[in-house]
Amino acid sequence: MINDEFSDAAMEAEFAEDEDIRRAALGFISDAWAEAIACGVDADAVAHAAMFTALADLVATYGEDAVAKLAEGLPDRIQRGDYTVNRILQ
């Protein structure tokens, strides 16, 4: 039982750490985005550049097939509201 409890605690700590890393990464990206907008770069251009950079990095890491499979799920996630920042949850 002790090993299971330790494993559970380790997994929770790893998840929390991963969540913190992702939150920090989002903060860096948000700051860069705001700086680009403040410098007069069109928001659509920033969005396209960000998407290109993200997809290119994922392809370099995981390959075209894996990223294509990931992209197949995007329409459902978008419609579900996963990327809607100021949505109202009921």
Side-chain angles (χ1 to χ4, degrees):
M1 233 12 172
I2 293 173
N3 284 340
D4 288 341
E5 289 173 11
F6 178 76
S7 295
D8 289 346
M11 283 179 45
E12 286 177 20
E14 185 176 325
F15 180 74
E17 182 178 303
D18 190 46
E19 217 173 86
D20 290 341
I21 291 168
R22 289 174 188 254
R23 192 172 293 117
L26 181 58
F28 287 121
I29 298 299
S30 294
D31 290 347
W33 191 292
E35 184 177 349
I37 300 299
C39 289
V41 179
D42 181 65
D44 286 345
V46 177
H48 284 275
M51 287 175 46
F52 175 85
T53 301
L55 290 170
D57 188 65
L58 288 169
V59 167
T61 302
Y62 301 106
E64 286 88 357
D65 291 339
V67 178
K69 186 172 182 174
L70 170 77
E72 287 175 2
L74 289 177
D76 290 337
R77 293 185 71 186
I78 292 166
Q79 291 173 336
R80 188 172 57 224
D82 290 1
Y83 301 103
T84 303
V85 177
N86 295 319
R87 67 182 173 162
I88 298 171
L89 300 176
Q90 296 182 15

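Because the structure is a prediction, the values reported are computed rather than measured.
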Q: If you link I, L, V, M, F, W and Y whenever their side-chain heavy atoms are under 4.5 Å apart, who else ends up in the same group as Trp33?
A: Ile37, Val41, Val46
Q: Take atom CD1 in Ile29; do more than 12 heavy atoms of anything else shown fall under 6.0 Å from it?
A: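 Incorrect, the count does not exceed 12.
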Q: Can you tell me how far the CD1 atom of Ile21 sits from the CG atom of Leu26, to the nearest 0.5 Å?
A: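 Taking CD1 in Ile21 and CG in Leu26, the distance rounds to 14.0 Å.
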Q: Say you draw a straight line from CZ of Arg77 to OG1 of Thr84; how long is it, rounded to the nearest 0.5 Å?
A: 11.5 Å
Q: Taking Asp18 first and then Arg22, would you say they form a salt bridge - that is, a charged N and a carboxylate O separated by under 4.0 Å?
A: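 Yes.
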Q: Please go through Leu55's hydrophobic cluster and name the other residues, only I, L, V, M, F, W, Y counting, with side-chain heavy atoms under 4.5 Å joining them.
A: Leu58, Val59, Tyr62, Val67, Leu70
Q: Crowded around Asp42 CG? As in, over 12 foreign heavy atoms under 6.0 Å?
A: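 Enclosed: over 12 neighbouring heavy atoms sit under 6.0 Å from CG of Asp42.
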